[in-house]
Amino acid sequence: MADHAVHDGVDREPAVSLTQVTKEFDGGVTALRGVGFDVPKGQILALLGRSGSGKSTLLRHICCLHRPTSGSLRVLGTDVARARGHQLRRLRRRTGFVFQQFNLVGQLSVLENVCSGALGRLVGPRLGLFSYARSLRLEALDHLDRVGMADLAFQRTSTLSGGQQQRVAIARALMQHPAILLADEPVASLDPDSADTVMRLLREIARERSLTVIGSLHQVDLALGWADRVIGLRDGEVTLDAPAAALDTTTAMGVYGTEPRTEPMALDATG
Ligand SMILES: Nc1ncnc2c1ncn2[C@@H]1O[C@H](COP(=O)(O)OP(=O)(O)O)[C@@H](O)[C@H]1O
Ligand SMILES: [Mg+2]
């Protein structure tokens, strides 16, 4: 069903479209250099690259926390550089974010953390679980159930394991009703079993809801088994862009190589 939604031609506008995006930070660091690619709706994309290669910067552009120094970026059909006020808030709400360190509030209950994901679509602050409408609490429980965490809804969040917290963070992101899910090193702090569970959930939920997912990862094998497509970054440049099925570990590991930068590797389904 998800595939049908993506390929039936009704809406061919990519979820994300970057053209020659360059980002120079104050102080002279160039974090992205002429980055250009489209992410079709419903695609699961893994970003690979060593620390400092620009993965987080790229994700922060897509959720409108940074603006390109030059080049253009369209998210869900909107030119981010021109988006203001409610348009920008809408774009941010439609872009859920999952972080390496979960960014949950430890002293709150699991359920309240999940409810807080709805804040972007509510007016005014909320204090305490019962300041959220019953319908939102039920929706939050539903999302917790989906990630296998409904049993722990009333537990203090700080008592959970890392893998459990990341599942709660996914449920919280779903409360935004996102079209795009961004995940910045979502499993870098987790043991291998928890990492597998979290990556599997991200993939299944993406397919169920026709979400576009862009996740930065350190582990090449995990990326190849998880994503539809892999983009490699080195020093802010795209050095690899290929269907995951066309890549083997050695080729994908090339983005971590120490040889001088050369032209982007042109890989397609024929390898
Ligand atoms: N807000 C910032 N101000 C200045 N430099 C930054 C900022 N954010 C990232 N950088 C720099 O940009 C480069 C890319 O960083 P980052 O996107 O965090 O890489 P990655 O996520 O791949 O580790 C690094 O050199 C980093 O130090
Ligand atoms: Mg990073």
Side-chain angles (χ1 to χ4, degrees), residues 16-37 39 43-73 75 80-81 88 91-92 95-104 162-163 165-166 169-170 173 178 180-190 194-195 198-199 202 212-224 226-227 229-242 244 247 249 251-262 264-265:
V16 176
S17 179
L18 299 105
T19 310
Q20 285 292 317
V21 169
T22 290
K23 179 65 174 182
E24 289 165 21
F25 284 112
D26 296 342
V29 177
T30 304
L32 298 175
R33 302 166 195 267
V35 171
F37 58 83
V39 187
Q43 187 166 72
I44 299 181
L45 170 63
L47 291 178
L48 284 179
R50 60 168 64 170
S51 178
S53 60
K55 303 180 298 298
S56 296
T57 302
L58 183 54
L59 292 172
R60 291 168 69 82
H61 275 79
I62 296 168
C63 70
C64 308
L65 286 173
H66 289 324
R67 285 171 192 244
T69 308
S70 63
S72 83
L73 168 61
V75 177
V80 170
L88 199 57
L91 267 188
R92 285 194 178 133
T95 312
F97 212 110
V98 175
F99 304 88
Q100 177 179 344
Q101 296 303 338
F102 328 126
N103 291 13
L104 300 168
Q165 292 200 39
Q166 197 59 297
I170 294 170
I180 301 174
L181 204 50
L182 304 173
D184 197 359
E185 308 268 7
V187 299
S189 308
L190 304 184
S194 304
V198 164
M199 296 308 283
L202 281 172
T212 307
V213 181
I214 307 177
S216 68
L217 290 169
H218 255 92
Q219 308 88 325
V220 168
D221 286 329
L222 201 55
L224 295 187
W226 174 74
R229 175 188 184 188
V230 176
I231 284 185
L233 284 176
R234 200 193 301 176
D235 292 342
E237 271 187 85
V238 173
T239 54
L240 172 72
D241 182 354
L247 286 170
T249 307
T251 313
M253 284 297 288
V255 300
Y256 297 98
T258 49
E259 71 275 17
R261 278 203 310 271
T262 52
M265 283 182 263

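Atoms within a ligand are numbered from 1 in the order they appear, just like the ligands themselves. Just so you know, these numbers come straight off a predicted model, no measurement behind them. FYI, side chains are in, hydrogens and waters are out, and symmetry mates aren't considered; it's all heavy atoms of this structure.
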Atom 1 (N) of ligand 1: nearest protein contact (heavy atom, Å): F25 CE2, 3.6 Å
Nearest protein heavy atom with distance in Å, relative to atom 19 (O) of ligand 1: G54 N, 3.2 Å
Selection from G236, G49, G27, G52 by shortest heavy-atom distance to atom 13 (C) of ligand 1: G52
Is_contact(atom 26 (C) of ligand 1), protein non-hydrogen, under 4.0 Å: no
Test item: S216 and L59 side chains (from C-beta on) under 4.5 Å apart, heavy atoms: yes
Nitrogen or oxygen of S56 less than 3.5 angstrom from that of ligand 1: yes
Flag for S189-Q101: side-chain donor and acceptor within less than 3.5 Å: yes
Residue pair F99 / D184, side-chain heavy-atom distance below 4.5 Å: no
Close side-chain approach of L73 to V16, heavy-atom, < 4.5 Å: yes
Contact bool for atom 17 (O) of ligand 1 (protein heavy atom, d < 4.0 Å): yes
Atom indices of ligand 1 within 4.0 angstrom of S53 heavy atoms, with elements: 19 (O), 20 (P), 22 (O)
Heavy-atom side-chain contact between H61 and L18 under 4.5 Å: no
Atom pair CE/CG of M253 and L247 - distance to nearest 0.5 Å: 13.0 Å
pair P186-M199: side-chain heavy atoms closer than 4.5 Å: yes
Pairwise distance CZ(R92) to CZ(F97) - rounded to 0.5 angstrom: 12.0 Å
Nitrogen or oxygen atoms of A31 and ligand 1 under 3.5 Å apart: no
Parallel, tilted or perpendicular, as decided by the 30° and 60° cut-offs, for the rings of Y256 and H218: parallel
Residue and atom name of the nearest protein heavy atom (relative to atom 15 (O) of ligand 1), distance in Å to one decimal: T57 OG1, 3.8 Å
Sub-4.0 Å atoms of ligand 1 with respect to non-hydrogen atoms of S51: 23 (O)
Short N or O distance, V29 and ligand 1, threshold 3.5 Å exclusive: no
Backbone or side-chain N/O/S of S56 under 2.8 Å of the Mg ion (ligand 2): yes
N or O contact, H66 vs ligand 1, cut-off under 3.5 Å: no
R50 neighbourhood, listing ligand 1 atoms whose heavy-atom distance to it stays under 4.0 Å: 22 (O)
